[in-house]
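What follows is a single structure, written as structure tokens, with notes after it.
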Amino acid sequence: MRLLTHNMLSSNIKGVTNGFPLLIEAEKVLEKPVDFNPDFLRNMFPKIDWKALVGAAKAVGYGELPDAADSAMLDSDDFLRHLHHALLQLHLEEGALVCPETGRRFPVNKGIPNMLLHEDEV
Amino acid sequence: MPSKIAQIRLVGSHFEVYEPCDDSFALVDALLADLTNLLEHKPKLCMEVGCGSGYVITSLALMLGQVACGTYYIATDINPYAVKVTSETLEAHGVHAELITTDIASGLEKRLTGLVDVMVVNPPYVPTPEEEVGCDGIASAWAGGENGRSVIDKILPMADKLLSDRGWLYMVTLTANNPSEICLQMREKGYASRIVVQRSTEEESLHVIKFWRDSDRLLEASETGTVNKIVPTRVIESLLSHFPGISLRRSGNSKSS
């Protein structure tokens with residue numbers, strides 16, 4: 001699971017009001033090369049919750065993102081390269097996503113998060 | 001030259017996962033038939049709900065290209081075995097989609113709202129007893145409850161939520177699902193529709209329908225402050241001509257009578 005996907009996921013348990021962002025418990029993180037596409041990054045940037053991305057990147061051991069970001073930074077090649085790496089090249093392979101409100105763990109195996117709920121959570 | 005769609009010999013399999021069949025082929029054929037439009041559309045985010053073996057999402061990724069082409073893919077399935085097989089199918093073709101084991105798009109509805117430019121769905125459309133819907137394993141690939149509509153009727157509101165302003169939805173339906181009624185319901189939500197592929201086999205008659213937000217319709221809805229529940233006659237006429245096998249009550253003042 002890429003961190004861009006993590007940025008789009010929330011806890012789906014019934015009654016949870018503050019289910020984003022899911023906390024990351026990382027057991028295994030992979031880096032996979034992806035073609036660099038600055039336009040893709042510029043398109044995605046406004047949709048990203050920056051604080052959640054910085055937190056997720058730190059949780060998988062990547063600390064190169066600034067704590068705050070604005071669209072003016074998209075002119076910097078350096079910034080784009082770091083954003084590219086954080087959003088697309090880092091994969092949470094094994095671990096869990098944890099609901100910030102209830103502490104419920106959603107396991108991530110072979111890069112696939114399992115968001116299926118138990119009957120009493122729907 | 002690389003193949004434009006997934007190759008059957010490279011599609012993963014598992015006894016609990018639905019294999020590519022006529023409905024999967026019809027959906028991929030519909031995407032191929034609309035490929036020129038899709039390439040012009042330049043979707044940033046594509047999503048498949050119910051990815052099964054991965055045949056469709058892999059084909060779409062091969063057709064439209066990956067991040068280098070500006071496109072990101074997400075696929076979901078309620079069946080964990082299916083998601084795993086999809087991952088194998090994608091890998092065998094050297095493409096990537098983000099995979100999530102979940103019910104339709106549960107967990108994505110909050111942050112993915114209005115971001116999906118293309119959604120493809122081959123839903124469980126077979127009419128079955130209601131208690132079979134959502135069962136574990138391969139049954140989740142076909143069990144559709146009454147008229148095969150139980151899951152479809154859950155997917156459509158979610159699609160409406162997740163699709164972007166320029167979002168397109170391609171969905172497989174069976175005649176028993178009453179596709180003309182589905183089109184009318186989507187019309188009320190501001191979607192135009194057309195049949196991209198129609199296919200009859202010995203067992204079933206399939207339609208792949210494309211839905212897109214109709215700006216005229218949305219304007220009309222916003223001007224009156226509410227969505228007009230009265231469907232214009234011309235819409236019914238066009239739908240009737242789309243579904244000749246379906247008997248709808250024609251009104252006496254029908255233009256074609």
Nearest-0.5 Å distance that lies between atom CG in Leu169(B) and atom CG in Leu163(B): 6.0 Å

Engaged part of Thr5(A) at the chain B interface, taking heavy atoms whose separation is under 4.5 Å: both

What part of Asp49(A) gets closer than 4.5 Å to chain B, counting heavy atoms only: side chain, backbone, both or neither? both

Is NZ or CZ of Arg104(A) both nearer than 6.0 Å to the six-membered ring centre of Phe106(A) and within 45° of the ring axis? yes

Note: vs chain A, highest number of non-hydrogen pairs under 4.5 angstrom among Gln66(B), Arg111(B), Lys110(B), Glu109(B) is Arg111(B)

Is there a side-chain contact between His91(A) and Met1(A), using heavy atoms and a 4.5 Å cut-off? no

His85(A)-Tyr62(A) aromatic ring centre distance below 6.0 Å: yes

Looking only at heavy atoms and a cut-off of under 4.5 Å, which of Asn43(A), Leu22(A), Asp39(A) has the most pairs with chain B? Asn43(A)

Val34(A), Asp35(A), Asn7(A), Leu88(A): which one forms the most heavy-atom pairs within less than 4.5 Å of chain B? Asn7(A)

For the candidates Ile74(B), Thr113(B), Ile100(B), which exhibits the highest count of non-hydrogen atom pairs separated by less than 4.5 Å from chain A? Ile100(B)

With a sphere of 6.0 Å drawn around NZ of Lys47(A), does it hold more than 12 non-hydrogen atoms of other residues, nucleotides or ligands? yes

Go through the atoms of Leu45(B) and report whether side chain, backbone, both or neither lie under 4.5 Å from a heavy atom of chain A. side chain

Do the rings of Tyr81(B) and Phe15(B) sit parallel, tilted or perpendicular, given the 30° and 60° boundaries? tilted

Taking CD in Glu132(B) as the centre, count heavy atoms belonging to other residues, nucleotides or ligands within less than 6.0 Å. Is the count above 12? yes

Checking heavy atoms, do the side chain of Ser87(B), its backbone, both or neither come under 4.5 Å from chain A? side chain

Interchain contact, Ile48(A) with chain B, by part (heavy-atom threshold 4.5 Å): backbone

